[in-house]
2 protein chains.
Amino acid sequence: MPKAQRMAQMLTVAEEIFAEQGYLATSMDEIAERVGVSKPMLYEYFGSKEGLLIGCIHRARTELREKTAAAIAGAGSPEEFLRRGLLAFFEFIDEHRRSWALLRQEAAVAVPSAQEEVEGIRQQQTDMIGAVLASFTPEMDPLEAEAFAEIVVGATERLAVWMERRPTVGPALATDYVMAVIWPGVSARLMKQPLPAQPA
Amino acid sequence: MPKAQRMAQMLTVAEEIFAEQGYLATSMDEIAERVGVSKPMLYEYFGSKEGLLIGCIHRARTELREKTAAAIAGAGSPEEFLRRGLLAFFEFIDEHRRSWALLRQEAAVAVPSAQEEVEGIRQQQTDMIGAVLASFTPEMDPLEAEAFAEIVVGATERLAVWMERRPTVGPALATDYVMAVIWPGVSARLMKQPLPAQPA
DNA sequence: TCGGTAGGTTACCCCGAGTAAGTTACGAGC
DNA sequence: GCTCGTAACTTACTCGGGGTAACCTACCGA
């Protein structure tokens, strides 16, 4: 089998087994066996167990970026931007429940460079949101814009995890919830209302 | 050395080394050596490497709960509740930068039961927030209240991670940022304004 | 002074990550 | 149609680290 095809197959199998059993509990022998190939082949193509994990994350990240980019193209207002981006994200998660668990939970702790790869996904998201804020309110404090983007990403990610436990909550409702909480605050700052200080 | 004292010492050392190098890269021999004791003692007291990690998380969780409880006692409005709770959380993180990284990043992926322990921390937080929402607006849809609590916790946690990379941002400013984004939206729902639906 | 136990050690097993060396399939060039 | 090169693959190993069995020893109370 040609290399590219074999690599794709390995990623698919690895993602599945990692998601099933967790990164630590999965052995390279097991993955190799289920792929129908011997262990050194995995090392030939991915270098290490960690490399294989990173490959899985990277592929998911690329897919998420493409879907999000397609979703937000042509949005006319910051609200529409955010709403479309959030919906795309929740839909992605919904389609990839198992590998999402892998990305968020398994990968995060196991290996420093996998951590970086996961951070890369968040970076994509915060960059996107930061860009929206900046384009609509260019004079906004960059530090604050960054903080807002982080808040939105954190809220979204957490709600995605929660959504897994709540089968009745789909992408559309999740999007509504997040927008309901964050939009009034974000919108107020885009209008340059001052940060509410601590009440006396 | 008496058991309780030895256990505390082991937790302190383990937390430090885990935070430094990551869970996977740390060996039990190394921890044992730095404690000044032999490996089987660690197993005697914590059962496994995973058990040791869970011990670390559990201790931090207890401390966080106590500090938060003390901070929010006597708050008079939901806004004050939230603000005080957030501040207590950010201050806790600020004092425990290294072990926080361990809790959030390392633990999450390594081991299923450590994952549960970390979820327990979040549960504490969401329960607290859910209780606030419920006490001020008892007729609020429970599912929605849960979603809001998750959103707040996610936003806060993410901003805590971001804060680590931004030395100029302290607990007070972080609290202001989170409140600025979430409070208008949460407040509106406490007043029973309807969920904003998708714009036409 | 002697037994029980809390606190501790040495020396080992074994699984699984990672590797060295070798094997087969196959297309390109003569 | 033979051979050379290389891509795809395997067998058989090393070694580090989690986990354990068995043994030790200092101290305290009867």
Side-chain angles (χ1 to χ4, degrees), chain A residues 1-57 102 106-115 117, chain B residues 1-58 102 106-117:
Chain A
M1 192 182 295
K3 181 170 174 176
Q5 194 179 335
R6 183 63 91 190
M7 283 181 83
Q9 182 200 11
M10 285 169 173
L11 287 178
T12 301
V13 171
E15 192 172 306
E16 191 179 324
I17 305 190
F18 282 150
E20 258 170 37
Q21 315 185 345
Y23 177 78
L24 278 184
T26 302
S27 77
M28 292 294 268
D29 287 296
E30 190 179 351
I31 296 173
E33 193 189 350
R34 207 132 118 195
V35 171
V37 94
S38 71
K39 192 167 56 165
M41 285 307 297
L42 294 174
Y43 284 90
E44 174 69 21
Y45 290 156
F46 292 98
S48 65
K49 190 182 181 185
E50 184 177 329
L52 184 56
L53 175 64
I54 290 173
C56 293
I57 299 169
L102 162 74
E106 297 298 325
V109 68
V111 258
S113 39
Q115 180 61 24
E117 200 61 35
Chain B
M1 191 181 294
K3 180 169 175 177
Q5 193 179 337
R6 183 65 90 191
M7 283 181 84
Q9 182 200 10
M10 285 169 172
L11 287 178
T12 301
V13 170
E15 193 173 305
E16 190 179 323
I17 306 191
F18 282 151
E20 259 169 37
Q21 317 185 344
Y23 177 76
L24 278 184
T26 302
S27 77
M28 291 295 269
D29 287 296
E30 191 179 350
I31 296 173
E33 193 189 349
R34 208 132 118 193
V35 171
V37 94
S38 71
K39 192 167 58 166
M41 284 308 296
L42 293 174
Y43 285 90
E44 173 70 20
Y45 290 157
F46 293 98
S48 65
K49 190 182 181 184
E50 183 176 329
L52 184 55
L53 175 64
I54 290 173
C56 292
I57 298 169
H58 196 82
L102 162 73
E106 295 298 324
V109 69
V111 260
S113 38
Q115 179 62 23
E116 284 167 27
E117 200 61 34

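Numbers restart at 1 for each chain; the letters A, B, ... are given by sequence-line order, proteins then strands.
Between atom OH of residue A/Y45 and atom CG of residue A/L52 there is a gap of 13.5 Å, rounded to the nearest 0.5 Å. Here the CD1 atom belonging to B/I31 is positioned 11.5 Å from the CD atom belonging to B/E15, to the nearest 0.5 angstrom.
Evaluation of the side chain to side chain contact (heavy atoms under 4.5 Å, CB included) rule for A/Y43 yields A/M28, A/K39 as partners, not counting sequence neighbours. Every side chain to side chain contact (heavy atoms under 4.5 Å, CB included) that B/S48 has, sequence neighbours left out, goes to B/E50. Evaluation of the side-chain hydrogen bond (donor to acceptor under 3.5 Å, both in side chains) rule for B/E30 yields B/Q21 as partners, not counting sequence neighbours.
In this structure, B/F46 reaches neither bases nor backbone, as no heavy-atom distance under 4.0 Å exists between it and the strands shown.
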Under 4.0 Å protein heavy-atom contacts per nucleotide of nucleotides 13-27 of chain C, with B for base, S for backbone only and - for none: ---SBBBB-------
Would you give me the side-chain donor-acceptor pairs under 3.5 Å for residues 2-14 of chain B, sequence neighbours excluded?
unit_1	atom_1	unit_2	atom_2	d
B/R6	NH1	B/Q9	OE1	2.9
B/Q9	NE2	B/V35	O	3.3
B/T12	OG1	B/A8	O	3.0
B/T12	OG1	B/R59	NH2	3.3

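You can see that DNA chain D meets the heavy atoms of chain B within a 4.0 Å-exclusive cut from D/dG17 to D/dA21, reading 5' to 3'.
Between B/Y23 and A/L24 the shortest heavy-atom distance is CE2-CD1, 4.0 Å.
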